[in-house]
Number of protein chains: 4
Amino acid sequence: MPARAPGPGDRAAPPDDHRRRPRRRGKALDEAIFQATLDELDENGYANLTMERVAERARAGKASLYRRWPSRVELVMDAASHAFPDPSSPIDTGTLRGDLLAALRGIAQLLSGPAGEALRGVLSDVLSDPARTAEARRRSQGRGRRAIELIVRRAVERGEIDGTAVTPRRVEAGPALLRHHFLFNGVPIPDEVIVEIVDEVMLPLFGCAPGP
Amino acid sequence: MPARAPGPGDRAAPPDDHRRRPRRRGKALDEAIFQATLDELDENGYANLTMERVAERARAGKASLYRRWPSRVELVMDAASHAFPDPSSPIDTGTLRGDLLAALRGIAQLLSGPAGEALRGVLSDVLSDPARTAEARRRSQGRGRRAIELIVRRAVERGEIDGTAVTPRRVEAGPALLRHHFLFNGVPIPDEVIVEIVDEVMLPLFGCAPGP
Amino acid sequence: MPARAPGPGDRAAPPDDHRRRPRRRGKALDEAIFQATLDELDENGYANLTMERVAERARAGKASLYRRWPSRVELVMDAASHAFPDPSSPIDTGTLRGDLLAALRGIAQLLSGPAGEALRGVLSDVLSDPARTAEARRRSQGRGRRAIELIVRRAVERGEIDGTAVTPRRVEAGPALLRHHFLFNGVPIPDEVIVEIVDEVMLPLFGCAPGP
Amino acid sequence: MPARAPGPGDRAAPPDDHRRRPRRRGKALDEAIFQATLDELDENGYANLTMERVAERARAGKASLYRRWPSRVELVMDAASHAFPDPSSPIDTGTLRGDLLAALRGIAQLLSGPAGEALRGVLSDVLSDPARTAEARRRSQGRGRRAIELIVRRAVERGEIDGTAVTPRRVEAGPALLRHHFLFNGVPIPDEVIVEIVDEVMLPLFGCAPGP
DNA sequence: CTCTAAACGAGACGGTACGTCCAGTCTTCGG
DNA sequence: CCGAAGACTGGACGTACCGTCTCGTTTAGAG
């Protein structure tokens, strides 16, 4: 029998006794899967990320993935969140403009990593289900929005801007433009883009004269 | 791998005479494929659109698709462009606010159809190749941007706004916020969103008092 | 080529619950595939046998076939061997002529079934690879050759013929002529052909006077 | 339009004016197709010979092939016959043994070329149609059979053998064993095989003592 | 410290779609 | 107007994953 596949008669093959002993469970396994997911995101992008490859890379069975997440979308969103768990209150530079630049730069940096790759892909997978759409929105927008809200509130308290100019739509505008740029132009996001968004859009909307 | 495929006509197979006679070619076939693509987009969305089903639906062979477009992305972009070929100069309502509302409403309507479904899916498929990213950007942004540019120029000519307030970033901001809302919230796009974008962001950026 | 296939479970696709539960594995699946292969051989012949149709007929996935056999050739050879597993020692009629007629008739009967159909097709697929050629030779010639060898040995022991006349080439000649006739003339193989081969070729070669 | 296939809009492209000008017809085209067929047989074997590749290699359209031959089989048989048109009467060495060796060596040489490659593949394609089977048999067996017949007749005339031992079956046996060996063992055919067939089978069948 | 139930790795399973190649037919256009 | 060129429909190729499942094996925790 020269050129055959393993073949049907090989059913009685020994069950491969050399399995890795310290079998991971729970948290340890979660971590391994997250790491494999992020690595795949990095190397191949969301479009080419498959449950099969993630499982293999994590040296886990596919069932262990499906036991935890119902689909690729949830896995990727979880993995991205897990990688950047820290909402970390925005730094305080003392001026509205400085704070906004810092905040947007933080978001840009986030988008340049796995979280960005995840965001891009998740968008198209998620829209059929409104609940998951909302979940994705919450995860991707919450951080930036809360940061800007806090920054603007501090500026109002400092008397730098008028509180009546602050509306949800305007708070959201800056991060939205940044995300929009990322989605349509990819990475890296030039710093001029951020400066322009702050100086030409955000500051004017809050009633500030554009920066230097 | 010694053997070629047996093939349908290795003799002993009947010659299958019932092929449709007036075989379509060129433009006629293009049209049929575009229509099938748009129908699939409509019924199943981009994520579930397959070359296989489009071919079947258009009663065409897969090779006829691949001869024209190298992948799903290009087919879908072409089909969407084909369906809405006319940038059609924006209507003139006489006021900046009216023009902007009309323009954004036009974009919103476009996004609510197959073009929107296409945009969403294309974004995640296209980013690996910068050239195709640019192409997608051109197709999806060009229209809105040019419309706003023209509207704003008319407003400047009417003396309604100051030309120095007009920058590319600000021109782009309105459509960008609308697309952003569409991507993260889907359809339908409530009209209040459009009104808010115009009144709270666009008009102020161009130095106008918000509308009524 | 940025996009992986959409896949059936990219969400928004129903989970297709109607799968047959007690899914066949191992031997049971082997049997089903063999049966489907033999049925296809019978109905459409080797030239029109495709992995696709065999899989469909066996209600199996194509991957289950390819996991077992690297190509059509191996599948068909295995299926044919499986259908006629028993070389079964040749019957003893008491005379050399009777034994030879019985043996050749047995081979002819075998060639008239799926094994013959398999042999014909396999020949053209297998010759590019010497190892597979040898395998095919072993499977198709071994049986007949061993039978004739045994029959001739018995005749020598009975003193019916002289052992010095027995050479491998002569032992092989009878079955070879029969197979040659089958390959160039197809089925059914007239019994006169068998009688002629025995009386005009085999018996004289072993130093016997031709039969009645 | 960066990364697109020729695309549907290119329909109006000039109809490829650089077509080969002196368009071949009739004999000239036949020759080109025959040559392409033989080349393909040589390089890829019958199993991998396709009408498509032959057409491309001959720089011809597929329809030009189908207009001349209804299928691969006929094309290949014609091409092989065309390449070796000369039945050439068998050489006369003066002895039966010498003539037989020469004849079988001639057949072996023929089988080692494109004609052999053709024979192998044709067998499996032809059997569904008895008429074509007969045609293939005529083409592949006629030559050898007529040669042996002539040789044996000369030997009878020389008084070397007894005419009553000559039967069609026995005349056919030698070439049949040679073709059988070729089909199951491929090329090259060792010369010992030919010597064995002559000395252990053919000569004894015609009532001659084996050669030296 | 056993004993059991759950979690785990591995991967087979029935499928869908991929992108390619080829069969044989039909249309267009050049000579 | 014939015939060469090649676009067309259709179908099989062999591969990659899907999400489910069945195996044993390993491990944690209850008795």
Side-chain angles (χ1 to χ4, degrees), chain A residues 15-17 19-26 29 50-53 55-56 59-67 70-72, chain B residues 1 3-10 13 15-17 19-26 29 50-53 55-56 59-67 70-72, chain C residues 1 3-10 13 15-17 19-26 29 50-53 55 58-67 70-72, chain D residues 15-17 19-26 29 50-53 55-56 59-67 70-72:
Chain A
D16 195 38
D17 286 298
R19 294 198 218 268
R20 211 171 44 283
R21 227 31 132 18
R23 201 179 264 183
R24 302 153 304 176
R25 300 167 71 104
L29 186 49
T50 68
M51 298 297 259
E52 195 117 4
R53 270 210 288 265
E56 191 189 10
R59 306 191 54 80
K62 284 199 288 177
S64 298
L65 269 70
Y66 284 105
R67 201 176 295 124
S71 81
R72 192 167 64 132
Chain B
M1 225 172 303
R4 51 174 271 285
D10 270 358
D16 198 33
D17 287 297
R19 298 200 217 266
R20 208 168 49 282
R21 265 313 191 47
R23 203 177 266 183
R24 300 157 304 177
R25 298 166 70 101
L29 185 49
T50 68
M51 298 297 260
E52 196 115 6
R53 269 210 288 268
E56 190 188 11
R59 305 191 55 78
K62 281 199 289 179
S64 295
L65 269 69
Y66 283 107
R67 201 176 295 126
S71 81
R72 197 167 61 134
Chain C
M1 227 172 300
R4 53 174 270 285
D10 271 359
D16 197 33
D17 286 297
R19 295 199 221 265
R20 207 167 51 282
R21 269 313 190 51
R23 208 175 259 187
R24 300 158 304 173
R25 298 168 69 101
L29 185 49
T50 68
M51 298 297 259
E52 196 116 6
R53 269 210 288 268
R59 306 190 54 78
K62 281 199 289 178
S64 297
L65 269 70
Y66 283 107
R67 204 176 292 125
S71 81
R72 196 167 63 133
Chain D
D16 195 40
D17 286 299
R19 292 200 221 265
R20 212 170 43 280
R21 254 343 164 32
R23 206 180 256 186
R24 299 155 307 173
R25 307 181 135 209
L29 189 48
T50 68
M51 298 297 260
E52 192 116 4
R53 270 209 287 265
E56 191 189 9
R59 306 188 56 77
K62 285 201 287 178
S64 300
L65 270 69
Y66 282 106
R67 196 174 301 117
S71 80
R72 193 168 63 133

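Quick caveat, the model's predicted, so the values are computed rather than measured. Just so we're on the same page: letters track the sequence lines, and every chain starts at 1.
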Hey, does D:Ala63 reach any base, or is it just sugar-phosphate, or nothing, if we go heavy atoms under 4.0 Å?
base
Looking at E:dC8, does its base get a donor-acceptor pair with the side chain of A:Arg23 below 3.5 Å?
yes
For a quick check, tell me whether the side chain of A:Lys62 and the base of F:dG19 share a donor-acceptor pair closer than 3.5 Å.
yes
Separation of B:Arg67 atom CZ from F:dG10 atom C1', in whole Å?
12 Å
Taking the nucleotide of DNA chain E with the nearest heavy atom to each, does B:Met51 or A:Ser64 sit closer to the 5' end?
A:Ser64
Measure from CG on B:Leu29 to C1' on F:dG6 and round the result to the nearest Å.
15 Å
Less than 4.0 angstrom between a side-chain N/O of D:Arg59 and OP1 or OP2 of F:dA4, yes or no?
no
Distance, rounded to the nearest Å, where A:Glu52 contributes CD and E:dG15 contributes C1'
13 Å
If you take all heavy atoms of B:Glu52 and B:Lys62, which pair is closest and at what distance?
OE1-NZ, 3.3 Å
Which distance, rounded to the nearest 0.5 Å, do you find between the CZ of D:Arg67 and the OG of D:Ser64?
5.0 Å
Between A:Tyr66 and A:Arg25, which residue's closest nucleotide on DNA chain F lies nearer the 5′ terminus?
A:Tyr66
Let's see if you can work this out: which of F:dA5, E:dG9, E:dC18 has an atom nearest to the side-chain heavy atoms of A:Arg24?
E:dG9
Looking only at heavy atoms, what is the nearest atom pair of D:Met51 and D:Leu65, with distance?
O-CD2, 3.7 Å
Of A:Arg53 and D:Gly61, whose nearest nucleotide on DNA chain F comes first from the 5' end?
D:Gly61
